[in-house]
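All remarks here apply to the structure that follows.
Lettering follows sequence order; numbering is per chain, from 1.
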Amino acid sequence: MPDSTVLIKEIEPVIKDLAEGINNIVGQLKQLQSPLSESQSKVPKATEQLDKISEQTEQATHQMLDQIEKIIEREQEVSEGLKTIKENAVAGDISNVPALADTLVGKADESCNDAFDIMNVLQFQDITSQQINHAASLLEEIETKLHEIIEILPGGLDQPSMEIIESARKSRVYDPHADMTNKKTEQDEVDSLFAQKESQ
Amino acid sequence: MAQTILVVDDSPTVLKFVSFSLKNKGFQVVTACDGMDAIEKISNLTGSLDLIITDLNMPNLDGYGLIDTLRQNEQHQETPIIILSSEDGEDDRDRGMEVGASSYLVKPFKPSLLLTEVTRYLGNG
């Protein structure tokens with residue numbers, strides 16, 4: 001049997017190496033914790049923005065389809081009205097033309113207002129594009145954090161790869177709070193702030 | 001002669017929509033895609049500039065920077081400037097007031113509300 005002192009001396013450096021290895025792993029795991037938790041917190045935000053985009057795009061599209069449906073129905077009525085005017089004119093009876101023409105003018109005005117409403121609803125494009133940019137920027141931040149994790153792990157990521165990824169990103173300007181929901185209250189608050197400023 | 005309004009926004013949809021609403025009421029409209037472009041368009045204008053409508057979040061030069069720059073120019077110290085932005089935080093409004101905006105409208109906006117603000121400064125075009 002080997003002398004225990006000799007055995008301890010032989011084992012000691014191995015245990016030291018092992019302890020150092022464990023310390024390194026613990027250090028690396030600690031380094032991983034921060035980018036992991038940061039990435040984790042960004043995922044729900046990106047998901048929330050994407051859900052908002054889907055919901056608000058659908059709502060706006062629905063509103064536009066409703067308006068377009070009304071315009072089409074009205075245009076069919078206008079077309080029928082014009083045919084009646086033509087038939088009456090051909091038959092030499094123009095007694096009801098002024099009243100019918102008034103009705104048609106009213107319908108044309110209504111369609112014009114509906115078309116304007118569609119343009120109004122199209123503002124969703126500006127709002128959702130800001131939401132998309134916000135979601136994209138959150139995903140890019142997650143991508144950066146994931147690269148930080150890869151760099152910590154043995155093997156890492158070579159610098160040129162990271163540079164290529166960074167240079168492929170476009171600069172994004174957006175309002176993270178852009179939303180299609182009714183902002184009447186906010187507008188009232190803004191008006192009162194500016195009214196206070198004017199009265200000073 | 002029609003009064004001239006400069007509309008500054010990096011969203012082509014907003015530029016088109018606001019321009020249509022204003023032209024429909026008889027105003028002449030000039031558009032710019034950011035603050036720097038706005039300054040260039042203003043310097044190239046031959047006639048007078050009666051009102052400016054600007055977004056806040058824009059590349060190159062944002063709305064605050066644009067208003068600040070214009071307010072330092074003697075010619076545009078009194079030009080009405082309406083901010084049209086989806087930013088609705090108190091800080092944004094305060095900053096808008098500080099740099100010298102005349103009004104602040106929150107996006108999405110009703111065209112009627114924008115026209116009310118415009119006519120408040122310019123009359124009916």
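Taking the centre and axis of the six-membered ring of B:Tyr64, the NZ or CZ atom of B:Arg95 falls inside the cone set by 45° and 6.0 Å.
Looking at B:Phe20, only its side chain comes within 4.5 Å of chain A, counting heavy atoms on both sides. Within the 4.5 angstrom heavy-atom criterion, only backbone atoms of A:Tyr174 (N, CA, C, O) approach chain B.
With respect to the salt-bridge test (charged N to carboxylate O, under 4.0 angstrom), the residues A:Asp66 and A:Lys70 do not qualify. Ion pairing between a basic and an acidic side chain is recognised when a charged N comes within 4.0 Å of a carboxylate O; A:Lys107 and A:Glu110 show no such pairing.
With values rounded to the nearest 0.5 angstrom, A:Leu82 atom CG is found 9.5 Å from A:Glu75 atom CD.
Each of A:Gln123, A:Gln125, A:Met119 has some count of heavy-atom pairs under 4.5 Å with chain B, and the biggest count is that of A:Gln123.
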